[in-house]
K.L.:
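First the structure, which I've put down as structure tokens, then a few questions once you've had a look.
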Number of protein chains: 2
Amino acid sequence: MNDSLLNRSRKRDALLFLTDDQLLQGIELMYFAYKGFTSDPDKILQNHTYGRAHHRAIHFINRHKGLKVNDLLDILGITKQSLNRVLRQLVDDGLVESRVGVKDKRERNLYLTEAGTALDRELSDAQRARMRKAYRAAGPDAVQGFRIVLEQIMDNETLHHLRRLEKDRTND
Amino acid sequence: MNDSLLNRSRKRDALLFLTDDQLLQGIELMYFAYKGFTSDPDKILQNHTYGRAHHRAIHFINRHKGLKVNDLLDILGITKQSLNRVLRQLVDDGLVESRVGVKDKRERNLYLTEAGTALDRELSDAQRARMRKAYRAAGPDAVQGFRIVLEQIMDNETLHHLRRLEKDRTND
DNA sequence: TATAATACGTCAGCAATATTGACTTTCCAA
DNA sequence: TTGGAAAGTCAATATTGCTGACGTATTATA
């Protein structure tokens, strides 16, 4: 009797994280956390008259040095016209270098210049500081859960894409 | 001797989630997860010629029925001019009702109409389905960690703001 | 009661980021 | 040598944010 009550209670608790209200809370957490997540770099970008799009391009060019324009297009999931506007600015401003491909001369390999690397570091420092603070406060187990859930939230193709990039990256 | 080596190794492992590379991976997870997180509603919104801003307004008006325009401005962190454009559309289209405040006639209390509630449900269903799937696949412990880290990532003021709203909401 | 402050709404102009569509140049590959 | 891929470009449009300047109704205060 008591066992049955206890079991039912445990079952309810175990499933509580799937109620609509819990899901809606999760949705709001995502919204507010993302807002905080981008706020520090956004402040820095303002001083350079750049925006989120520039940060994204700089970030991925740094993480995957020498990547092709098409790769960046795939990662960001925007049109080449949108990317081109941003990329042209960064190249004109001397933050990004676009080198003709070695194997295939149609391709362009993207690299950060010294100035580009400096801005990346500035942006990355701010964003990593926030993440480090959050990770430290939350602890390793929470961080593990955080990662698992985020991977589940994103599109499967994106996850595979990311895994492939991660593999390429460490094999450099 | 062996103990000391082992301990150092364990210490390193315990802190591994704080290396720059781990932090950068976390940053990319946030980026890609948020993208997936908004993709389903965005598809729906396109059919209605609405955007993310409309979704956000609808979501929070539904979650905090009768909230004042100023409250919504605080939550969203945008200017009243930006919000007003979106809000005016929603009111004109008959999705949102703006009622004169009872206690203070300067205030406007916002409510979803029947049509507004229907669109909210459509958007919310899609977003909750993705979250439910992710939560279910990740399990309760991971979800707990997910929540803890996200709360740490956002601004402290935002968190307090959210907690206050959550309290108001359940006290309705 | 006269005046200040608040809540809301609105107009105009500007900027960043995204879109679609059309077109060119360069280069690789069948 | 011809077709297609990779990259770059021009033009037009939409969404969402911003600043600055006003106006109106209502409440609070001196």
Side-chain angles (χ1 to χ4, degrees), chain A residues 31 34-35 38-39 41-61 66-93 96-111, chain B residues 31 34-35 38-39 41-61 66-93 96-111:
Chain A
Y31 167 64
Y34 193 78
K35 208 167 129 182
T38 57
S39 63
D42 282 346
K43 272 175 218 134
I44 296 168
L45 289 159
Q46 269 196 324
N47 306 331
H48 300 258
T49 46
Y50 290 146
R52 285 243 55 71
H54 301 85
H55 185 186
R56 290 199 280 263
I58 288 173
H59 170 92
F60 285 109
I61 292 173
L67 92 172
K68 294 175 284 178
V69 173
N70 258 341
D71 291 339
L72 192 48
L73 245 25
D74 280 352
I75 292 174
L76 299 176
I78 56 174
T79 59
K80 65 171 170 174
Q81 293 92 326
S82 295
L83 177 59
N84 190 253
R85 184 170 2 98
V86 167
L87 221 42
R88 194 167 47 201
Q89 277 183 287
L90 293 174
V91 169
D92 288 351
D93 294 353
V96 166
E97 195 187 346
S98 171
R99 300 187 203 151
V100 172
V102 189
K103 215 176 68 187
D104 186 332
K105 288 178 192 162
R106 290 173 301 181
E107 296 174 352
R108 296 290 181 278
N109 297 115
L110 303 172
Y111 297 88
Chain B
Y31 168 64
Y34 193 79
K35 207 168 130 181
T38 56
S39 63
D42 282 346
K43 273 175 216 134
I44 297 168
L45 289 160
Q46 270 197 323
N47 307 330
H48 300 259
T49 47
Y50 290 146
R52 285 243 53 74
H54 302 86
H55 186 186
R56 290 200 278 264
I58 289 173
H59 170 93
F60 286 110
I61 293 172
L67 91 172
K68 294 175 283 179
V69 173
N70 259 341
D71 291 338
L72 192 48
L73 282 174
D74 281 351
I75 292 174
L76 298 176
I78 57 175
T79 59
K80 65 172 171 174
Q81 293 92 326
S82 296
L83 177 60
N84 190 253
R85 193 178 8 195
V86 166
L87 220 44
R88 194 167 47 201
Q89 278 184 288
L90 293 174
V91 169
D92 288 351
D93 295 352
V96 167
E97 196 186 346
S98 171
R99 299 187 204 151
V100 172
V102 190
K103 214 176 68 186
D104 186 332
K105 288 178 193 162
R106 290 173 302 181
E107 297 175 350
R108 296 290 179 278
N109 298 114
L110 302 172
Y111 297 89

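Convention: sequence-line order gives letters A, B, ...; per-chain numbering from 1. Owing to the predicted nature of the structure, the values given are computational and were not obtained by experimental measurement.
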K.L.:
Output the rounded distance in Å from CG (A:Asn109) to P (D:dG8).
P.N.:
11 Å
K.L.:
Using atom CZ of B:Arg99 as one end and atom C1' of C:dA7 as the other, report the distance to the nearest whole Å.
P.N.:
19 Å
K.L.:
Distance from B:Lys43 atom NZ to B:Leu45 atom CG, nearest 0.5 Å?
P.N.:
11.5 Å
K.L.:
Contacts to DNA chain D from residues 79-91 of chain A, heavy-atom cutoff under 4.0 Å, which residues?
P.N.:
A:Lys80, A:Gln81, A:Asn84, A:Arg88
K.L.:
Main chain of A:Leu76, side chain of B:Lys35: is a donor-acceptor contact present, judged purely on distance under 3.5 Å?
P.N.:
yes
K.L.:
Could you tell me the separation between the CZ atom of B:Arg108 and the P atom of D:dT24, rounded to a whole number of Å?
P.N.:
15 Å
K.L.:
Does C:dT6 have OP1 or OP2 sitting under 4.0 Å from an N or O in the side chain of B:Asn70?
P.N.:
no
K.L.:
Would a distance-only check, ignoring hydrogens and angles, find a side-chain to backbone donor-acceptor pair under 3.5 Å from A:His54 to A:Gly51?
P.N.:
yes
K.L.:
If you find the nucleotide of DNA chain C closest to A:Val100 and the one closest to B:Glu107, which residue's nucleotide is nearer the 5' end?
P.N.:
B:Glu107
K.L.:
Mind calculating the distance between NE2 (B:His48) and P (D:dA14) to the nearest angstrom?
P.N.:
19 Å
K.L.:
Side chain of B:Ile78 only, please: which of D:dC18, D:dG8, C:dG9 is the nearest?
P.N.:
D:dC18
K.L.:
B:Tyr50 has an atom OH; how far is it from atom P of C:dA18, in whole Å?
P.N.:
24 Å
K.L.:
Tabulate atom names and distances for all N/O pairs under 3.5 angstrom spanning the protein and nucleotides 28-30 of chain C.
P.N.:
unit_1, atom_1, unit_2, atom_2, d
C:dC28, OP1, A:Lys105, N, 3.2

K.L.:
Give the ring-plane orientation class for A:Phe60 versus B:Tyr31, where under 30° counts as parallel, over 60° as perpendicular and anything between as tilted.
P.N.:
tilted
K.L.:
What is the distance, to the nearest angstrom, from the OH atom on A:Tyr31 to the C1' atom on D:dT16?
P.N.:
12 Å
K.L.:
Hey, could you give me the NZ/CG distance between A:Lys68 and A:Leu73, rounded to the nearest 0.5 Å?
P.N.:
12.0 Å
K.L.:
Going by atom types alone, do B:His59 and B:Arg56 pair a side-chain donor with an acceptor below 3.5 Å?
P.N.:
no
K.L.:
Are B:Arg56 and D:dG17 close enough that a side-chain N or O sits under 4.0 Å from OP1 or OP2?
P.N.:
yes
K.L.:
Take the protein atom CG of B:Leu67 and the nucleotide atom C1' of C:dA7, then report the distance between them rounded to whole Å.
P.N.:
14 Å
K.L.:
Strictly below 4.0 Å: does A:His54 bring a side-chain N or O up to OP1 or OP2 of C:dA16?
P.N.:
no
K.L.:
Expressed as a whole number of angstroms, how long is the span from A:Asp71:CG to D:dA5:C1'?
P.N.:
14 Å
K.L.:
Does A:Arg99 qualify as a cation-pi partner of A:Tyr111, given the criterion of NZ or CZ under 6.0 Å from the six-membered ring centre and within 45 degrees of its axis?
P.N.:
yes
K.L.:
Can you name the nearest heavy-atom pair linking A:Ala57 to A:Leu90, along with the distance?
P.N.:
CB-CD1, 4.1 Å
K.L.:
On DNA chain D, nearest-nucleotide positions of B:Ala53 versus A:Lys68: which is more 5'?
P.N.:
A:Lys68
K.L.:
Find out whether A:Arg52 and A:Asp42 are in side-chain contact, i.e. whether some heavy atom of one side chain is under 4.5 Å from a heavy atom of the other.
P.N.:
yes
